[in-house]
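Step one of this worksheet: look at the structure below.
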Amino acid sequence: MDTSQLLKGVLDLAVLAVLDRGDGYGYEVVRGLRAAGLQEVGDASVYGTLRRLYNAGLLTSYVVPSEEGPHRKYYSLNAPGRDRLHEMAKTWRAFAETMEGLVAVA
């Protein structure tokens with residue numbers, strides 16, 4: 001099965017979940033997703049998702065100077081972002097339970 005198609009449907013949830021563990025800049029989020037087992041996640045997809053979630057009002061951002069290069073833009077969940085994370089997690093759990101029931105007989 002092509003997991004990249006599955007990932008497209010849950011990338012928002014995955015990014016929100018990573019940021020729920022702590023603030024992070026783009027590449028930190030990418031590393032968090034990969035460390036969790038989502039090896040095929042693309043950098044550009046994550047950066048686009050962060051921008052979209054920020055523009056939707058689900059994240060806040062701040063800039064931190066870096067001694068090793070350009071400043072880093074950190075993202076953090078705000079109250080609407082946490083609410084969306086909880087809604088999406090609930091939906092995901094129900095969907096996963098349904099799918100588990102379907103494939104258990106396969």
Shortest non-hydrogen contact from Ser66 to His71? N-ND1, 3.7 Å
Look at the side-chain heavy atoms of Ile, Leu, Val, Met, Phe, Trp and Tyr, link any pair under 4.5 Å apart, and say whether Val63 and Leu19 land in one connected group. no
What residue pairs, at least two apart or across chains, pass side chain to side chain donor-acceptor pair (under 3.5 Å) with a residue in residues 76-103? Thr60-Ser76
Any pair counted as salt bridge (charged side-chain N to carboxylate O under 4.0 Å, His left out), so long as it reaches residues 50-63, sequence neighbours left out: Asp12-Arg52
Determine which pairs satisfy salt bridge (charged side-chain N to carboxylate O under 4.0 Å, His left out) with at least one residue from residues 56-70, sequence neighbours left out, and list them in order. none
Taken to the nearest 0.5 Å, the spacing of Leu11 CG from Thr49 OG1 works out to 3.5 Å
Are Leu16 and Leu77 close enough that some pair of their side-chain heavy atoms sits under 4.5 Å apart? yes
So ring-ring contact (aromatic ring centres under 6.0 Å, His included) across residues 31-59, not counting sequence neighbours, yields none
Would you list the atom pairs, donor with acceptor, under 3.5 Å between side chains in residues 22-46 and any protein atom, with sequence neighbours excluded?
from, atom 1, to, atom 2, distance (Å)
Asp23, OD2, Tyr62, OH, 2.7
Glu28, OE1, Tyr25, N, 3.3
Arg34, NE, Val41, O, 3.4
Arg34, NH2, Val41, O, 2.9
Arg34, NH2, Asp43, OD1, 2.8
Gln39, NE2, Arg34, O, 2.6
Glu40, OE2, Thr3, OG1, 3.4

Taken in chain and number order and not counting sequence neighbours, the residues that satisfy side-chain contact (heavy atoms from CB on, under 4.5 Å) with Lys73 are Ser61, Tyr75
